[in-house]
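Being a predicted model, the structure only gives us computed values, none of them experimental.
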Amino acid sequence: MVGEATAWITFDPANGLEVVRRISVFEILSIVGLVTAVVSLLLSMRAAVDNARTRSAEFSFLVWERFREDDVQAAFLSIEWGRFQYPVAGAGNGFATAREEREIDRLLSLLDDVAAFGFNSALMSGDVDRWDYVFTRVFQNEAIGRYMRFLDNFYIVNGVPAGPHQLARSWYERRAARRTAGPGGYRGALQRLRRWLKE
């Protein structure tokens, strides 16, 4: 018969070759179709992962480019080099210049955006590690701390319960707590595995 042209054959040392069951051509075609569908699904999943990695790299590049803009860099470098002072005596708004205020606010707004992406798991671990230094330098700066306290009070006086840049501060505190606690979860396990493999 055409429909039963193929058979499953097993080998048992005690009994020798044994025909277990005959399967039809239609069953073979169904199995081939199923295997083809599974392979297609796996390939499309791989393409989706590759596309996500590409988009993540593009996103990372764009956000980093925002950080490299002149006014944001000026703000960060003034913090990095210890030049940023707040409040400045005799200044109406506490800043040396209105431009400095805009630069600092743009830097803090960018850090809010980065933190939002971090909380939504849109940042890859390498990006998170790269931003850790920036967050640490900014939020450990005493002048930034004074500015944040001023903003918190200013918002409360004006009837807004939450001060600005809460996302960035929360992200910094979360990452700082993880650094002091040491690596945990799957990243900690991967780091321990890498150290063990190197030994």
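The shortest side-chain heavy-atom distance between Trp131 and Phe67 falls under the 4.5 Å cut-off. Taking the side chain as every heavy atom from C-beta outward, Pro164 and Met148 never approach each other to under 4.5 Å. Phe135 places a side-chain heavy atom less than 4.5 Å from the side chain of Val114. Put simply, the side chain of Phe139 does not reach to within 4.5 Å of the side chain of Glu173, judged on heavy atoms. A heavy-atom distance below 4.5 Å is not found between the side chains of Asp112 and Trp171. No side-chain heavy atom of Val72 sits less than 4.5 Å from a side-chain heavy atom of Phe76.
Classified by interplanar angle (parallel below 30°, tilted 30° to 60°, perpendicular above 60°), the ring pair Tyr86/Phe150 is tilted. Aromatic ring pairs are classed by plane angle as parallel below 30°, tilted from 30° to 60° and perpendicular above 60°; the pair Phe95 and Phe84 is tilted.
With a 6.0 Å radius and a threshold of 12 heavy atoms from other residues, nucleotides or ligands, Gln73 has its CD atom above the threshold. Residue-environment remark: CZ (Arg146) exceeds the threshold of 12 foreign heavy atoms within 6.0 Å.
Clustering ILVMFWY residues whenever any of their side-chain heavy atoms sit less than 4.5 angstrom apart, transitively, puts Leu107 in a cluster other than the one holding Val88. Grouping the Ile, Leu, Val, Met, Phe, Trp and Tyr side chains by contacts below 4.5 angstrom, directly or via other members, places Ile79 with Leu77. Ile28 and Val38 sit in two unconnected hydrophobic clusters of ILVMFWY residues. Membership requires side-chain heavy atoms under 4.5 Å apart, directly or through other members. Note: the hydrophobic cluster containing Val49 does not contain Val39 (ILVMFWY, side chain heavy atoms under 4.5 Å, direct or indirect links). Val25 and Leu34 end up in different hydrophobic clusters when Ile, Leu, Val, Met, Phe, Trp and Tyr side chains are linked at under 4.5 Å.
Rounding to the nearest 0.5 Å gives a distance of 4.5 Å between CG of Asp113 and CZ of Arg66. To the nearest 0.5 angstrom, Asn93 atom CG is 9.0 Å from Glu100 atom CD. To the nearest 0.5 Å, atom CD of residue Glu65 and atom OG of residue Ser60 are 10.0 Å apart. Rounding to the nearest 0.5 Å places CD of Glu103 at 7.0 Å from OG of Ser78.
In summary, the side chains of Tyr133 and Glu80 do present a donor paired with an acceptor at a separation below 3.5 Å, with no hydrogens or angles considered. Side-chain atoms of Gln140 and Tyr172 include a donor-acceptor pair closer than 3.5 Å. Judged by distance alone, the side chains of Arg175 and Thr136 never bring a donor and an acceptor atom under 3.5 Å apart.
A salt bridge is defined here as a Lys NZ or Arg NE, NH1 or NH2 lying under 4.0 Å from an Asp or Glu carboxylate O, and Asp132 with Arg178 fails to meet this definition. Classification of Arg99 and Asp71 as a salt-bridged pair fails, no side-chain N sitting under 4.0 Å from a carboxylate O.
Shown here are the side chain to side chain contact (heavy atoms under 4.5 Å, CB included) partners of Leu62, two or more places apart in sequence or in another chain: there are none.
The minimum heavy-atom distance between Ser44 and Leu41, with the atom names listed, is OG-O, 2.8 Å.
Without hydrogens or angle criteria, Asn158 side chain to Phe154 main chain gives a donor-acceptor distance under 3.5 Å. Side chain of Ser170 to main chain of Leu167: no donor-acceptor pair is present (N/O by atom type, distance under 3.5 Å, no hydrogens or angles).
Pairs engaging residues 147-157 under the side-chain hydrogen bond (donor to acceptor under 3.5 Å, both in side chains) rule: Asp105-Tyr147, Asp152-Arg169 [sequence neighbours left out].
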